[in-house]
Q: 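Questions regarding the structure given below will be posed in turn.
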There are 2 protein chains.
Amino acid sequence: MPELTERAQFLLKALTERYIREGQPVGSRTLARDAGLRLSPATIRNVMADLEELGLVSSPHTSAGRIPTVQGYRVFVDTLLSVKPLDDALLNELRTNLDADSESRDLVATVSSLLSDATRLAGIVTLPRRKHASLQRVEFLPLSEKKVLAILVISDKEVRNCILRTEQAYSAAELQQYSNFLNQQFAGRDIDDVRGRLLSELRETRETLDRMMATALQMADQVLGQAEQGSDYVLAGQTNLMEFQELCNVATLRHLFEAFNEKRQILHLLDQCVENEGVQIFIGEESGYQMLDECSLVTAPYSVDGQVLGVLGVIGPTRMAYERVIPIVDATARILSAALNSRNKAPY
Amino acid sequence: MPELTERAQFLLKALTERYIREGQPVGSRTLARDAGLRLSPATIRNVMADLEELGLVSSPHTSAGRIPTVQGYRVFVDTLLSVKPLDDALLNELRTNLDADSESRDLVATVSSLLSDATRLAGIVTLPRRKHASLQRVEFLPLSEKKVLAILVISDKEVRNCILRTEQAYSAAELQQYSNFLNQQFAGRDIDDVRGRLLSELRETRETLDRMMATALQMADQVLGQAEQGSDYVLAGQTNLMEFQELCNVATLRHLFEAFNEKRQILHLLDQCVENEGVQIFIGEESGYQMLDECSLVTAPYSVDGQVLGVLGVIGPTRMAYERVIPIVDATARILSAALNSRNKAPY
DNA sequence: TGTTAGCACTCCCGGTCAATGAGTGCTAGA
DNA sequence: TCTAGCACTCATTGACCGGGAGTGCTAACA
C-alpha cells in the first residue's frame with residue numbers, strides 16, 4: 001500500500017482504534033476531534049472517501065460513520081499497530097500458573113483458561129503432537145480373561161493407556177514376556193518408525209516365528225494405531241464470546257459453537273498456523289470458514305527443541321483489542337514452550 | 001388435586017399438548033376445536049378461568065391464549081401424561097451404538113451423544129462413581145529420575161494413571177517390589193477401606209518398619225487421593241438448545257452455558273437424582289437454580305448390581321415433548337445399566 | 001493546490017397513531 | 001349447565017413524522 005499518504009495511514013489507525021474501543025461507526029467530526037490533527041471534518045471526509053475507494057473502510061449506510069473493512073484491519077494489524085508491551089503482573093501470572101509438571105492434557109487446559117481469562121475471549125490450545133515421538137516403553141497388564149491393559153510411555157509426561165480385547169487369555173507372565181521383548185526391540189525409537197517395522201515384521205514372520213512374538217507385535221500395533229489419532233484441542237471461555245454485540249445473534253453463535261464441537265474445521269485452520277513462526281492472525285473471512293466470518297483468530301505455535309508441537313491462540317470478534325491480545329498470545333506461546341522445554345531436559 | 005373435574009383435566013392435557021407442539025398460547029376457540037369435546041369456546045373459557053385460579057395455567061397478557069404454568073406441567077407430567085411406547089428402531093439404535101467394551105469415559109460420552117441425538121436436546125451423563133469400588137491392582141513404573149507412573153486398575157474397564165513426583169529416584173526393581181507388596185496386601189479390597197488402612201498404617205509404622213513399605217504406602221495414598229475426586233459429567237448437544245425460541249436470548253443462553261462450564265451447580269442438582277429410582281423430572285424453577293428457570297431436566301439413575309453409579313438425562317426447554325423424552329431417558333438408563341452389568345460379569 | 005465552510009441530502013431511529021385480530025370476561029337466555 | 005353475544009383488552013403491524021448524525025458536493029479561501 002504505498003499509495004497511502006502518511007495522513008491517510010494516521011487516520012485509518014485512529015479510526016480503527018476508536019472503532020475497536022467504542023464499537024460505533026466513526027464520523028468525520030468525531031475523528032477530527034479524536035485524531036488530534038488540526039483538520040476540519042470536511043478534510044477528513046475527503047480522506048475517508050479515498051480510504052473507502054481503496055476498500056479499507058466502509059460505511060454501513062449513507063449517513064453513518066465509517067468502520068474498517070477486513071482489508072482495513074489487515075493494514076492496521078500489519079503496518080500501523082503499536083503493540084502494547086505486556087504488563088509484568090500479567091506475565092507473572094501466566095508464568096506462575098503454569099505448573100510445568102502436570103500432564104499434557106491438564107497443562108493444555110490450564111493454558112487455555114489462562115488465555116481466555118487474560119484476553120476475555122475464547123482461548124484455544126491444541127494438544128501437543130510430536131511428529132517424531134520416541135517410544136519410551138510398553139507394558140501389558142492382564143485385566144480380565146480376554147482383556148489386556150496396554151500402557152504406552154512416550155515421555156515423562158505423556159502416557160497413554162488403552163484396553164485391548166484379545167482372542168484368548170494370556171497370563172501375566174506371558175504378557176510380561178511380550179513387553180520385555182518389545183521394549184528390548186523398540187524402546188527409544190521413533191513411534192512411526194516402530195509402527196512401520198511392526199507391520200513389516202508381522203508380514204514377514206507370520207509363519208516362521210513363534211506365536212508369542214506375533215501376538216506381541218499385533219498388540220503393539222493396535223495400541224499405536226489408537227494412540228496416534230489424538231489430534232485435538234482444548235477450548236476455554238467460549239461464553240466470553242456471548243458478551244460481544246456483534247456476535248450476539250443466536251444463529252451466529254450457534255454456527256460457531258457447532259464448529260467448536262465438530263472440531264474438524266477448527267483443527268484444519270489451526271494446522272495452517274503450525275508452519276508459520278510467530279503470531280499469525282486471521283481476520284474475518286480470511287479464515288475461509290463461514291462460521292468465523294465475524295471473528296478473528298490470533299495464534300502462535302509452541303514448540304520444544306525447535307520442533308513445533310502445537311498451536312495456541314484466541315478467538316474473538318473481528319473488533320478485538322489486537323494491540324493487547326497479540327502480545328498475550330505471543331508471550332503465552334513462549335512461556336508454554338519454555339515450560340515444556342525445561343521439564344523435558346530433566347535427565348532420564 | 002381432587003378438585004379437578006375430569007373435564008378440566010382433559011382440557012389441561014389438551015392445552016399442554018397443543019402448547020408443547022405449537023409453542024403458542026392456546027385460545028379457547030382453538031382448544032374447543034382441538035380437544036374434540038363438543039363444547040363451545042365460552043364453556044372452555046369458564047374451565048380455563050378455574051384452571052387459572054388453581055395456578056395451573058396463565059396467560060401472558062389479557063388477550064392471549066393460555067399456557068401451562070410450572071404447576072400445570074407438573075400435573076400434566078405426574079397424572080395426565082400418556083407416555084409413548086418407545087419405537088423399536090430407536091431402541092435398537094441405542095442398543096447397538098453402545099459398545100459395552102469401551103472405557104467408562106468413552107462410554108459415557110457415547111451415551112451422552114445418543115441421548116442428545118435421540119431427543120434433539122442436550123444430553124448429560126455423569127461419570128460412574130462407585131461408592132465401594134474394589135482395587136484390582138496397582139503398578140508403578142519409573143518414568144524419569146524423580147517421576148513415577150502409578151497405574152490403578154479398578155475394574156476391567158476402569159483404569160487410572162497418574163504421574164507422581166518423588167523425593168528421590170527409585171529403580172524399576174524397587175518399584176516392582178512396592179507394587180507387589182501393595183497388591184498382596186490390598187488387591188480386591190474396597191478402595192475407601194484401603195485408604196483408611198493406608199493412613200493408619202502410615203502413622204503406626206513410621207519408625208518401626210523399613211522405608212520401602214512407607215514409600216509404597218505413601219505413593220498409593222497419593223494415587224488414591226487423586227483418583228477419587230473425579231466427580232464429573234459429559235455433556236453433548238448443547239447447541240441443540242439454541243434452536244428453541246424460549247431460550248434464544250443471549251443472556252439466558254449465557255447463564256446456562258456458564259453453568260455447564262462451572263459444573264458445580266449442575267452436579268449438585270444431579271446428585272439429588274441419585275437417590276430416586278426411575279425417572280425424575282425437574283420443571284422450570286423447581287430445580288432451584290436460576291439458570292434453569294426456563295428449562296426442564298429429565299433424569300434417571302443407572303446402576304450395576306443394584307448399586308447406583310451415576311445419573312443420566314437431558315436438559316431442554318420447559319416446553320419439551322415429555323411423552324417422547326421420558327421413555328428415551330428411561331430406556332437409555334436401563335440399556336446403559338445392562339451394558340455395564342453384562343461386562344462386569346465377565347470372569348476375571 | 002490543499003483546506004474549509006456551507007448546504008442539501010440520505011438514512012437510521014424512536015415515537016405516535018390507527019387498524020387489525022385474537023382472545024377474554026361477563027351477562028343473559030336456552 | 002351450557003352457550004351465544006357483546007364489549008373490552010392488548011399485542012402486533014404498518015405508516016408516518018421529526019430529529020439527529022453524517023455524508024457528498026460545491027464554492028470560497030489561504
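Every chain is numbered from 1, with letters handed out A, B, ... down the list of sequences.
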Q: Side-chain donor-acceptor pairs under 3.5 Å in residues 53-67 of chain A, sequence neighbours left out?
A:
{"residue": "A:His61", "atom": "ND1", "partner": "A:Ser63", "partner atom": "N", "Å": "3.4"}
{"residue": "A:Arg66", "atom": "NE", "partner": "A:Glu52", "partner atom": "OE1", "Å": "2.8"}
{"residue": "A:Arg66", "atom": "NH2", "partner": "A:Glu52", "partner atom": "OE1", "Å": "2.7"}

Q: Return a table of donor-acceptor pairs under 3.5 angstrom between the side chains of residues 290-300 of chain A and protein atoms on other chains or two or more places apart.
A:
{"residue": "A:Ser296", "atom": "OG", "partner": "A:Tyr322", "partner atom": "OH", "Å": "2.7"}
{"residue": "A:Thr299", "atom": "OG1", "partner": "A:Gln280", "partner atom": "O", "Å": "3.3"}

Q: Taking the six-membered ring for Trp, is the centroid-to-centroid distance between B:Phe282 and B:Tyr289 below 6.0 Å?
A: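 Ring centres of B:Tyr289 and B:Phe282 not closer than 6.0 Å.
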Q: Quick one: closest heavy-atom pair of B:Ala333 and B:Pro301, and the distance?
A: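 B:Ala333 and B:Pro301 have their closest heavy atoms at CB-O, 3.6 Å.
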Q: Contact between A:Leu86 and A:Asp88 at the side-chain level, heavy atoms closer than 4.5 Å - yes or no?
A: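 Answer no - side chains too far apart.
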Q: A:Val311 and side chain to side chain contact (heavy atoms under 4.5 Å, CB included): which partner among A:Leu267, A:Leu269, A:Ile124, A:Leu270?
A: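 With A:Val311 as partner, A:Leu267, A:Leu269, A:Ile124, A:Leu270 yield a single side chain to side chain contact (heavy atoms under 4.5 Å, CB included), made by A:Leu270.
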Q: We want to know whether B:Ser116 and B:Ser113 form a side-chain donor-acceptor pair, criterion being a heavy-atom distance below 3.5 angstrom.
A: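 No donor-acceptor contact under 3.5 Å links the two side chains.
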Q: When you check every protein heavy atom under 4.0 Å of nucleotides 11-19 of chain D, what one-letter string (B, S, -) results, 5' to 3'?
A: S--------
Q: How many Å lie between CD on B:Glu22 and P on C:dG23, as a whole number?
A: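 Rounded to whole Å, this separation is 12 Å.
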Q: Provide, to the nearest angstrom, the distance between the CG atom belonging to B:Leu51 and the P atom belonging to C:dT24.
A: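 Atom CG in B:Leu51 sits about 12 Å away from atom P in C:dT24.
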Q: Is there a side-chain contact between B:Met320 and B:Phe244 in this structure, where contact means two heavy atoms from C-beta onward sitting under 4.5 Å apart?
A: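 Contact flag for B:Met320/B:Phe244 side chains = no.
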Q: Taking only Lys NZ, Arg NE, NH1 and NH2, and the carboxylate oxygens of Asp or Glu, determine whether B:Asp34 and B:Arg21 approach each other closer than 4.0 Å.
A: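 Yes.
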Q: So does B:Ala118 get a backbone contact from the side chain of B:Arg324, meaning a donor-acceptor N/O pair under 3.5 Å?
A: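 Yes.
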Q: In whole angstrom, what separates B:Arg7's CZ from D:dC2's C1'?
A: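 Those two atoms, CZ and C1', are 8 Å apart.
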Q: Please determine if a side-chain N or O atom of B:Arg66 lies less than 4.0 Å away from the OP1 or OP2 oxygen of C:dG25.
A: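 The answer is yes; a side-chain N or O of B:Arg66 sits under 4.0 Å from OP1 or OP2.
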Q: Can you tell me how far C1' of C:dG25 sits from CG of B:Asp50, to the nearest Å?
A: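 Computing the B:Asp50:CG to C:dG25:C1' distance gives 13 Å.
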Q: What stems involve DNA chain C, if each pair must be Watson-Crick or G-U and both of its distances must be under 3.5 Å, with 3 or more such pairs in a row?
A: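 Looking at DNA chain C, the stems formed by three or more consecutive pairs are C:1-30 with D:1-30.
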Q: Does one side chain, of B:Asn249 or B:Thr252, offer a donor that lies under 3.5 Å from an acceptor on the other?
A: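 A pair is found: one side chain offers a donor N or O, the other an acceptor, under 3.5 Å apart.
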Q: I need the residues from residues 11-20 of chain B with at least one non-hydrogen atom less than 4.0 Å from DNA chain D; give them sorted by number, or say none.
A: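 Contacts with DNA chain D under 4.0 Å: none.
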Q: Go through residues 25-45 of chain A and report each residue with a non-hydrogen atom lying under 4.0 Å from DNA chain C, sorted by number.
A: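 Nucleic-acid contacts, sorted: A:Arg38, A:Leu39, A:Ser40, A:Ala42, A:Thr43, A:Arg45.
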Q: Checking B:Lys263 against B:Tyr233: charged group under 6.0 Å from the ring centre and within 45 degrees of the axis?
A: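 Verdict for B:Tyr233: a cation-pi partner in B:Lys263.
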Q: Quick one: B:Asn46 CG to C:dT27 C1', roughly how many Å, whole number?
A: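 Answer to the nearest Å: 11 Å.
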Q: Does one side chain, of A:Ser28 or A:Arg45, offer a donor that lies under 3.5 Å from an acceptor on the other?
A: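 There is such a pair between these side chains.
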